[in-house]
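Each remark here refers to the structure printed beneath this line.
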Amino acid sequence: MKRVWIIVMSLALMLGATQCKKEIKEEIPYNNKAVNIGLRPVNGGNRLYIDSETGEVEFDYTDEIIVVSNGLYVGRLWYDADAEAFYGTIMDPSPDDYLHFYYLGNMGLYDLDEYSDCVTVDISNQINGLPLISYGHSTEKYSEDIEYYEAVLENKCALAKFDVSLATESSSSICVTGMNNTVFIDFAQASFDYYMENDGKIMLPSGNYAHWAIVLPQQALSEGPVGSAYAGRCVGRRSAVPEIVVNAYVDNIRLDMDAIRQPEGALNGAFTVNGSGKQVVFSKGNLSYSRISCDWNFLDNQYSFIENRHNMNIGRNCSNLSTISLFAFGQSGYDHGAASFRPYETYTQQTYFNAYSGYHLNLYNYSGKADWGYNAICNGGNTNKQWRTLQGNEWNYIFTGRDGADEKYAKATVCGIMGVVVLPDEWIAPYDGCFTYGDDVVFDDNDYSESDWALMEDAGAIFLPMAGYRYGEWAYGANMTGRYWSSSVSDKYSAYGVYINQDGTFNPHYNLQRNAGMSVRLVTD
């Protein structure tokens, strides 16, 4: 192939009363095996931007185009920053068919194999962007004798505005249920089949204001039941939704969340974390990650942990374990810029654990993807960004700033595991003599059997077990020391966290080395 050809596309779309179109022009060289093509945007922009008056959607330079010929996927186009154009290679364009172009919202369709004849696109996660779905084919069939082709891409979705009313501010993502959130595309027929998966959940960014979202065609819906809209501990209902058709502009869908609930995977007690009275609830156990299924879960019991032996060889990249519960700083699984972001990696180089490639940046900065709570926790509501890691000053406030803080935590032993018990803001003792606090208290002074602890937990108490720590390929200190991450950095190589040791040392605002694996206990607002 001696020539590179350019596709010229207009990237501005109008989602509203105006017909939505993209124009494409392309040139195909005389080779029907592999064709180099490019895409140069006529007008760029930010795909996250939506004009609230007109519904105009503009795209950024991360967008990519799926190319289909003769009913089979044959390649895609992506952006070349130096050339300021999109380029890609398509294989075997058919002279008996048009060239078909799909914009599928950059939804991570990395599993599309060469010559796939269909694809399924899930648009449920709209926290960081709008997954527009559009399609068009060239006006003429491919031929070696024709150099120029034109096509118009038209939307296969609609735009909706959700007006959000929250009972309290929450950093959790907003969820609305009952919506078509999945589309099956048959490349041979160029057909779009819309349906609902996972309760019809669509996830929107956090915030008590209007949110724009891409929605798929569906029949009209009556007002949703309680629970059809929620964010963290706030729960409510969705208003009625009119029939949604392709290219529609739907306004005034209300999400009224005026009740407080305990989300799946949360414990009963509420804990104040700052002077403004903000409260959180804790997860039912430390966080764990499966190397087999790649799922995140909370351990079933507060006193449980995986790396349960001192001097435990977990192997290179945790190869000796199927499930792990000790993570270095920022190992959330998302590529947020740190050299080591995968939860199973056992590197020890200090500079590998800088969130967003900056040693001074906290896990909650920028997109928040460095925070473990950005993940969907399978037994914790299975919703992205429903949970988060406490900031360093929030951990410290629980132990030193709340009303009666020094009377609400103590060393304890639960089912033979040593750690620290922390009481919620409002505490009613489940039985006489169930809790002793003070500087002189030792681990055996609060000794709970499984049945005793069940009563304490029902009353809202949390337990931070001494689950040890990991350095490189070895785990140490099981039932001898405990270290819990915050989301806040302290110095160039450390981050704040909670430190517990068998000699009685306790510090809720301790400098922990970022390259060591520690426990993670998440909260929701």
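These values consider heavy atoms only, across backbone and side chains, with no hydrogens, waters or symmetry-generated copies. Just so it is clear, the model here is predicted, and its values are computed rather than measured.
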Show the numbers, then the answer: is there a side-chain hydrogen bond (donor to acceptor under 3.5 Å, both in side chains) between Glu394 and Ser486? CA-CA 9 Å; Glu394 291 177 324; Ser486 81; over 6 Å; no
Between Arg342 and Asn317, is the side-chain hydrogen bond (donor to acceptor under 3.5 Å, both in side chains) condition met? List the steps. CA-CA 9 Å; Arg342 298 174 182 86; Asn317 284 340; over 6 Å; no
Start with the C-alpha gap between Gln513 and Ser494, add the side-chain angles, then the distance that decides, and say whether side-chain hydrogen bond (donor to acceptor under 3.5 Å, both in side chains) holds. CA-CA 5 Å; Gln513 293 297 304; Ser494 302; 3.0 Å; yes
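The minimum heavy-atom distance linking His509 with Asn396 is given by the pair CB-OD1, 3.8 Å.
Of the residues Leu166, Ile174, Thr177, the one that meets the side-chain contact (heavy atoms from CB on, under 4.5 Å) test with Tyr230 is Thr177. Checking each of Phe327, Tyr334, Trp387 against Trp296 for a ring pair (Phe, Tyr, Trp, His ring centres under 6.0 Å) leaves exactly one that passes, namely Phe327.
Geometrically, Lys284 does not engage Phe298 in a cation-pi contact defined by less than 6.0 Å to the ring centre and at most 45° from the axis. The side-chain tip of Arg483 points at the ring of Tyr469 from less than 6.0 angstrom away and within 45° of straight on.
A distance of 6.0 Å or more separates the ring centres of Tyr195 and Phe184. For Trp395 and Tyr510, the distance between ring centers is not under 6.0 angstrom.
Checked by atom type and distance alone, the side chain of Ser228 pairs as donor or acceptor with a backbone atom of Arg238 at under 3.5 Å. No donor-acceptor distance shorter than 3.5 angstrom exists from the side chain of Trp372 to the backbone of Arg388, with no hydrogens or angles considered. The backbone N or O of Thr272 lies less than 3.5 Å from a partner atom in the side chain of Asp425, making a donor-acceptor pair. In this structure a side-chain-to-backbone donor-acceptor pair under 3.5 Å is missing from Tyr409 to Ile398.
Salt-bridge annotation for Asp525 and Lys278: present, with a side-chain N of the basic residue lying under 4.0 Å from a carboxylate O of the acidic one. Asp256 and Arg254 are joined by a salt bridge, as a carboxylate oxygen and a charged side-chain nitrogen come within less than 4.0 angstrom of each other.
At a threshold of 4.5 Å between non-hydrogen side-chain atoms, the residues Ile253 and Lys161 do not count as touching.
Atom OH of Tyr366 sits in a sparse spot, with 12 or fewer heavy atoms from other residues, nucleotides or ligands closer than 6.0 Å. Environment of OH in Tyr476: crowded, with over 12 heavy atoms of neighbouring residues, nucleotides or ligands closer than 6.0 Å.
Judged by distance alone, the side chains of Ser488 and Gln391 never bring a donor and an acceptor atom under 3.5 Å apart.
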